[in-house]
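Structure record follows, encoded as structure tokens.
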Amino acid sequence: MSLLRKREVLPAVSDRFEKDVVIVGAGFSGLYALHKLRGLGLDAIAFERGADVGGTWYWNRYPGARCDIESADYSFSFSDTLQQAWRWSERFATQPEILEYVNHVADRFDLRRDIQFDTQVVRASYDEAARRWQVLTDKGQLVSARYFIVATGCLSVGNVPDIKGRDTFAGPSYHTGDWPHEGVDFTGKRVAVVGTGSSAIQSIPLIAQQAERLYVFQRTPNFSLPARNQPITDGQDREIKAGYAQRRRTARYNSGGVNRIDPTVGALQVSPEEREAEYERKWQEGGLNFASTFMDLRVDAEANETAAEFVRRKIRGIVRDPGIAERLVPKGYPLAAKRPCVDTGYYETFNRDNVTLVDLQASPIVEIAHSGVVTSDAAYEVDAIVFATGFDAMTGAIHAIDIVGRGGLPLRRHWEAGPRTYLGLSSAGYPNLFLVASVGSPSVLSNMMTSIEQHVDWIGTCIETMRATGADTIEVMPSAEQAWVEHLNTLANATLFPRGTSWYMGANIPGKPRLFMPYAGGVGRYRQLCERIEARGYPGFRFGRPDADHATDSPASSPAAPFDIDALYIKD
Ligand code: FAD
Ligand code: N01
């Protein structure tokens, strides 16, 4: 496993050059940022630590990996020629197909010529005198750039738990987020999968078909919804292509960034029979939309419990052994407080004779030994271990870069108690640094493609505005940042999200601050707010000019006054 780690020792500088923009990452965010900013005439370079484009879809090659947002939505909308040319073969595309799509995008827009692969950005410090970022790579290149775009991904730093004896295991071990490109053949092997999140739930059914024996080590049972994946027929493809304009409009202004009309009825406003029928309809339809059957499932515990109980009954109906079924049934937290999984045959897999569920709540892992995994009541001899143990989500990749802002303040210190941003776009004291679809914005609570495009478009317009007005820096005002931090908390606390111990809360990484990191107000509301801020001259930001730093503060952003986010929302 070669998962990304923070570099403790920095390389010596061997090469220096200048660019207008440095972008970190060549996943969907970095690629679109490169295309957009190059289109504005900026001289941009992207650094990517992987050997090619794709980000998530370059690294996560485990069996069964695919998207759980419909392919037609989980794709770029910025070019109609692109969306008309590309033919998705399945409702939920596989990792190889998505990677093929990313490559097609990179080729179509000739992006590779400005991407340097196999290169990790290790440090970025703001030079206050030059008003530029100094970006250092692990190859010893020091790039001076006006703008620094952090497109490092929310789920790009794997988490392998520090279990006693982990390195003594005799066989191979894998992390789902760093899967060998040549694939892994488990035929005839005894395999342990640690974890039961989305990655595990997608891979377990396929590993079970291949392995001689599979042990699934489960700490917290998850809610998983059937995908009901299917091929896209030629007729459906024509329909999708004819309807793209409307589809994208819907996605941009609803809560989740997908082609769905948000529900307007609450689960407790209908009769039990109607509720059951509606859940059944969504269950049969397949996919994540089940979690949006009623408008109050994410905010009302009693309403949520009706959906949770429906799923529990389904699990009990699928898994033949009642004891195993009971251990697979999620309890004690609301449905969708942790990201629900979407599966093909997950619960059915536990009806197979070669699959054993190991309940870590009853008997935790005590160590990994030479020959396998040892729990408090048994030793499981295995030939291979798959860590489907998730990611140091959202902040992991940002903090793996030593980012230093005004006054030499490391971002790691500024964010000691948790991420601090305004709109999830930038942070006070870090001029001209932009984050793409990460902490403080809808990002992981949405179709990421919708959110990535929205952020990159906003950044592009902002830079154009700066150039038109002679500004060379934009910076978040501390009062706006503080207001946004409080606003994010208020939004999250009005939902059931904080009731799940999830990576959304940083709860999966020991020592990480516990707070809900994404924006829980929905994609449409967030987009409208960003549009408002743009239209009103960027309240909450201040612009600087080479001759007069901070001379162009927006009147709406007086540093002394508390910053009022609510006043900026468009009222219904
Ligand atoms: P990434 O794709 O993570 O790309 C970031 C890139 O930055 C990586 O290639 C990384 O190597 C590089 N990088 C990081 N740090 C550095 C550094 N210091 N120097 C150089 N390079 C660096 N989202 C959805 O909306 N729908 C889905 O169905 C969906 N399915 C998913 C399935 C899996 C298995 C996973 C893990 C995530 C899924 N996601 C999904 C979330 C997914 O991460 C986003 O949809 C999207 O791909 C993110 O794109 P990105 O470019 O922002 O980040
Ligand atoms: O990671 P996870 P993931 N001992 O953090 C367990 C996206 N994604 O890679 O819940 C034992 O969700 C941990 O247990 P617990 C999607 O956004 C999408 O699966 O902490 N177990 C949990 O079961 C998703 O949410 C798709 O008790 C340990 C598991 O490991 C995100 O990526 C597919 C442990 C980790 O689950 C992350 O998903 C894949 C330990 N020490 C990913 N440490 C789609 O379907 C952790 N665990 C589109």
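Each ligand, and each atom within it, is numbered from 1 in the order the structure gives. Side-chain atoms are counted along with the backbone in the values below, which use heavy atoms only and exclude waters and symmetry mates.
Backbone and side-chain nitrogen or oxygen atoms of Tyr74 are examined, and one is located within less than 3.5 angstrom of a nitrogen or oxygen of ligand 1. For ligand 2, none of its N or O atoms has an N or O atom of Asn159 under 3.5 Å away.
Not a single heavy atom of Phe92 lies less than 4.0 angstrom from ligand 1. The closest approach between Trp503 and ligand 2 falls below 4.0 Å for a heavy atom of the residue. Using a 4.0 angstrom heavy-atom cutoff, Gln218 does not count as in contact with ligand 2.
Taking 4.0 Å as the cut-off between side-chain N and carboxylate O, Asp73 and Arg260 do not count as a salt-bridged pair. With respect to Glu326 and Lys331, a salt bridge is recorded, a charged nitrogen being found less than 4.0 Å from a carboxylate O.
Taking every heavy atom of Gly25 and a limit of under 4.0 angstrom, the matching atoms of ligand 1 come to 6 (C), 7 (O), 12 (C).
When the heavy atoms of Ile401, Val24, Leu155 are ranked by distance to atom 41 (C) of ligand 1, first place goes to Leu155.
Shortest contact from atom 26 (C) of ligand 2 to any protein heavy atom: Ser198 CB, 3.6 Å.
Residue contacts with ligand 2, taken as heavy atom pairs separated by less than 4.0 Å, involve Tyr62 solely via side-chain atoms from C-beta onward. At a 4.0 Å heavy-atom cut-off, ligand 1 touches Ala151 through the backbone alone.
For Asp162, the side chain to side chain donor-acceptor pair (under 3.5 Å) test picks out no residue, with sequence neighbours left out.
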